[in-house]
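Inspection log for the structure reproduced underneath, given as structure tokens.
Just so we're on the same page: letters track the sequence lines, and every chain starts at 1. Remember, it's a predicted structure, so these values are computed and weren't measured experimentally.
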Amino acid sequence: MTTQPAVHSDHHAEEPSYLVSKRGIMSWLVTVDHKRLGIMYMVAVLFFFLFAGVLAVALRTELFTPNQDLMSAQTYNQVFTLHGAIMTFLFIIPSVPAALGNFLLPLMLGAKDVAFPRLNLLSFYVYCVASIFFIGTLINGGLDTGWTFYTPYSTSTGTAVIWATTGAFIAGFSSILTGLNFVVTVHKMRAPGMNWNRMPLFVWAIYSTAIIQVLATPVLAITLLLIIIERSLGIGIFDPAMGGDPVLFQHFFWFYSHPAVYIMILPGFGIISELITVHSRKHIFGYKAIALSSVAIAIISFLVWGHHLFVSGQSELAGVLFSFLTFAVGVPTAIKVFSWVATLYKGSIQYNTPMWYAMIFLWTFTVGGLTGLPLSTLAIDVHLHDTYFVVAHFHYVMVGGTVIAFIGGIHHWWPKMTGKLYNETAGKIGAFLVFVGFNVTFMTQFFLGHQGMPRRYYAYLPEYQSLHQVSTIGTYILALGLFWTMFYLLASLFGKSKATGNPWGGVSLEWQTQSPPIEHNFHDTPHVHGSPYDFPEIDKSAGAHAH
Amino acid sequence: MAKVFLNGQPVEHPHESHEHVSPMTTYNAVIGALFVLTALTYAVSFANLGPASLAVAMFVALIKASLVVAYFMHLKYDDRYHLFVFLGTIIFVGIFFGFTLFDLQSRNALNDEQETFVRLRDMENAGQGLKVGVENVPERKAKVLEHIEAHGGGEHGGEHGGDHGGGHKAEAKH
Amino acid sequence: MSTAHSHAPVHDDEHNPHLAHHFDTMGQQNASAKLGMWLFLATEILMFSGLFLAYFVLRMFYPEMVLEAHEYLSKTAGGINTAVLLTSSYTMALGVRSIQLGDVKKLRLYLVLTILCGCIFMVVKYFEYSAKFEHGMLPGKFYSAHLHGYEIEGLPHIFFGVYFMMTGLHGIHVAIGLAIMLWMFVRAGRGEFDKTNYVAIENTGLYWHLVDLIWIFLFPLLYLVK
């Protein structure tokens, strides 16, 4: 608990919030304020989420019947590729770190900004340039290789592969620079008294993510560069017609892309830790376990990429090793889920929108995580690889995991970021629609995959039609829920409700300053003397954790 | 004077910086060692060590790299976390190389068993092998041939061989 | 000569003109800058590692072809470049040492020497590359050396592809390094560096040493190893 009282708004009413401290569009375009950058990233990633989401709705509509409904087979290939590529590179990887991470990291650490504010601005512009390249892809022939760019198709197809790989290459640098910035910030910019054991778990999560960003993304960069060179110069490393090895490409690609999925989920884990503690007014169960398991996941994630190559021609022994290691990475993840549930136990649970999203997460992420186990079992994966089972698994962890956590986090920190409160009833309706829509869409896909429906297929046997139709209907419900959420959140910006500095009664430092914060975050440097989860109503004598 | 903090802990002497300055002798010794080791690598490359030559070359390169990192880059005298970052990176490179080469090695064994490269060579000899470079692009091949004709034509491999330290034709095969 | 320590004069950090608004002390600022640079170097190492892996895979699958093709690389040129880069690392390190002791003139001298070495590297590389181009030893589907009379058994276009990618990416990094050093030279001339503020020079040095490190491995692998 900090020594300072919650809000100073009455003493320092003259100092304006970061939103209005500097005026004019130029002040936003050249800002080095991490909060403004976080907001700009938020707008950008949510725009691409909307765009790629519409592509998904188009896909599912096409799949309503086995025959052509909306688009030709070639167009279908392009739509699922672009859905995947845009969602991966322009939405989900930057989403939590660049939007919420940028906004919250310095606040939670008690710092005035990140370690390298100008580098932060550069990261944002690099991201913008990357998105221009993706738009260029759309204009110059699209992309039909699948977001995974497998060779030799990607080195020989006529679509705009070079545009897309250049875009992803550039987006990678934005990710690297953000990660680098965050690692240095966590090491060097902590407030007085904040040692590693007193950092909020969201910070631990962002830190572990940043490590992966720094170590894994450069390998993606060289992989994409090699694709570009292979296409333009025909070197022959990946293309068998020129003497290369296509499985080598897969090793290169998945060395990044597997840790990348942990870049996607670890920040989500961090958000859930914050939501569950604050909205159940209870100290986190197993702080050290959750903190260290984030780091463990970051490290082990680099050892498991071969589980994407089980049926590609990888050696059996390598397959067995990777299968075993993949089981290992589930252990720290499960530790987290147990700790969150234990935190809820005997907590004073507030049934508000962020808590609903946290509870949805516990269900959907657990389903996603558990379905990873049959996929990591070598013998079973032989049957499930490249079926809808895999599609359902990764949507459960990415959408049911990261996106649900992201939306929950947006609600939780909405008052802090905007100074407004959204309509709570509308929030609950949105959460309900999203929950129902998501599960209807993707639970059916486990069955589809189990029955043998392959992924990325445009046409299918009539036996699969009824499940496909159920899944498509679910998509519309999910889309409705997401649009509804966007609507009431935007409406709150024009509403009159003003949020206080600490509407939820949180103890971490971001709640100890006004909403929205002033440009320099805190009027005086905060001093930290205890854990960010020591809620005032906790009875210390009842054996709560001492720090 | 207000208390100054770094990494959450109070700093004792915040306004003094204690940066280590290496003496000239250190730098001179290191550059000398680097040149000696380079000459060694160069000399050893002429001795026919067979498969050991890669290991020897990499070992010497490792020593040279360690000298550059420790003394020129000051890692020996720096914050220990920098060493952790550096070694961590090397370990992850090792993981990348290790697993990939391990998997490809097994495919190499499979190739030996299936005589893939023997069959590839037979196909090449029969004129059905994979095509080399510009052979894959007939228009460019035609342009290259035109260019050669225009600039003196025919074989000029032998004339330019000497000054490139070994640019000979098929006789240079080991 | 015994090791020296440089002590910054004891004055109020808060008014140091080089201190950025979000840092509390110069010590924090400099420590952050160096950590940031080491993390960046980590990313560069990982990026180049992909190319080194491609090289090792090539050696594994086509050992005779690699052996034959690499004979056409000029060991002399490679050797000169190695000597030049090692020297440039030496001069860069001495440049950092100079500014640690507050000698701006010497710093500028050493920066010039380092840039000079880098330029020699690029010139030698230019001659190397043009010789290759002339003889049709180009990457991938541009490879036409067999039409110029150089018969290499196997698929040498892959080897030359890897050769040009590795040395090319390295060369781009050398060029970027030269530009950065030139900028540091200009800044030093403006009096921006002194005994208390030289972390930008240190970081430039770290970048340049990395470029040297990559070459230390690249040279034996491509040019020398049988």
Side-chain angles (χ1 to χ4, degrees), chain B residues 4 6 11 14-25 27 31 34-35 38 41-42 45 48 53-54 57 61 64-65 68 72-73 79 81-82 85-86 89 92-93 96-97 100-101 104 108 130 132-134 136-137 141 144-145 148 155-157 160 164-167 169-170 172-174, chain C residues 1 3-8 10-11 13 24-25 27-28 35 38-39 42 45-46 49 53 56-57 60 67-68 71-72 74-76 79 82 86 89-90 93-94 97 100-101 131 135-136 140-144 146-151 155-157 196 206 209 212-213 216-217 220 224-226:
Chain B
V4 170
L6 181 66
V11 176
H15 299 299
E16 281 180 27
S17 74
H18 298 274
E19 294 281 337
H20 177 270
V21 183
S22 297
M24 284 300 292
T25 46
Y27 290 120
I31 190 67
L34 286 172
F35 273 109
T38 307
T41 317
Y42 197 81
S45 74
N48 270 330
S53 62
L54 179 65
K64 286 166 72 176
V68 171
F72 282 174
M73 296 170 88
D79 190 336
Y81 189 66
H82 298 169
V85 168
F86 183 71
T89 308
F92 281 101
V93 171
F96 183 32
F97 279 30
T100 307
L101 289 172
L104 294 181
N108 216 18
L130 291 177
V132 171
V134 86
N136 288 290
V137 190
K141 179 178 177 181
V144 172
L145 286 170
I148 294 174
E155 318 254 304
H156 48 196
H160 300 284
H164 297 293
K169 290 158 66 172
K173 251 193 292 188
H174 291 85
Chain C
M1 213 187 298
T3 56
H5 280 84
S6 81
H7 289 267
V10 179
H11 67 272
D13 246 2
D24 295 321
T25 65
Q28 187 187 29
L35 176 59
W38 275 101
L39 288 167
I45 292 173
L46 281 157
S49 75
L53 183 60
F56 281 118
V57 169
M60 184 193 271
L67 225 75
E68 207 185 322
E71 289 294 315
Y72 290 85
S74 166
K75 283 193 197 183
T76 320
T82 306
L86 288 175
S89 253
Y90 176 65
L94 291 182
R97 183 174 183 275
Q100 277 183 313
L101 299 171
H135 299 159
K141 48 186 199 226
F142 291 84
Y143 177 83
S144 60
H146 52 295
L147 300 174
H148 290 265
Y150 299 95
E151 291 295 334
L155 301 167
H157 60 267
T196 64
L206 286 176
H209 293 307
D212 187 27
L213 273 179
I216 284 176
F217 285 95
L224 296 182
V225 178
K226 303 260 183 294

Shortest non-hydrogen contact between B:Ser45 and C:Lys75, atoms and distance: OG-NZ, 3.7 Å
Heavy-atom side-chain proximity of B:Met24 to C:Leu94 below 4.5 angstrom: yes
Least distance between heavy atoms, C:His146 atom then B:Val132 atom: CE1-O, 4.0 Å
For the student: nearest non-hydrogen atoms of C:His148 and B:Val144, plus distance: NE2-CG1, 4.1 Å
Side chain to side chain contact (heavy atoms under 4.5 Å, CB included) involving B:Ser53 - partner list, sequence neighbours excluded: B:Leu49, C:Val225, C:Lys226
Options B:Thr38, B:Leu101, B:Thr100, ranked by heavy-atom pairs under 4.5 Å with chain C, top entry: B:Leu101
Shortest non-hydrogen separation from B:Tyr27 to C:Tyr90 and the atoms involved: O-CE1, 3.6 Å
Choice from C:Thr82, C:Val57, C:Asp212, C:Leu35 maximising heavy atom contacts with chain B below 4.5 Å: C:Leu35
Trace of the side chain to side chain contact (heavy atoms under 4.5 Å, CB included) decision for B:Leu130 with C:Leu155: CA-CA 8 Å; B:Leu130 291 177; C:Leu155 301 167; 3.9 Å; yes
Distance in Å, C:Leu46 CG paired with B:Phe92 CZ, rounded so as to fall on 0.5 Å steps: 9.0 Å
Nearest heavy atoms of C:His209 and B:Val68, plus distance in Å: CB-CG1, 4.1 Å
Nearest heavy atoms of C:Ile216 and B:Ala61, plus distance in Å: CG2-O, 3.6 Å
All side chain to side chain contact (heavy atoms under 4.5 Å, CB included) counterparts of B:Val137, not counting sequence neighbours: B:Glu139, B:Arg140, C:Lys141
Region of C:Leu213 that comes under 4.5 Å of a non-hydrogen atom in chain B: side chain
Any C:Phe56 side-chain heavy atom under 4.5 Å of B:Leu54 side chain: yes
C:Leu147 vs B:Val134 side-chain heavy atoms within contact, under 4.5 Å: yes
Per-residue contact mode, C:Ser89 against chain B (heavy atom under 4.5 angstrom): both
C:Ile45/B:Phe86 under side chain to side chain contact (heavy atoms under 4.5 Å, CB included): CA gap, chis, key distance, verdict: CA-CA 9 Å; C:Ile45 292 173; B:Phe86 183 71; 3.7 Å; yes
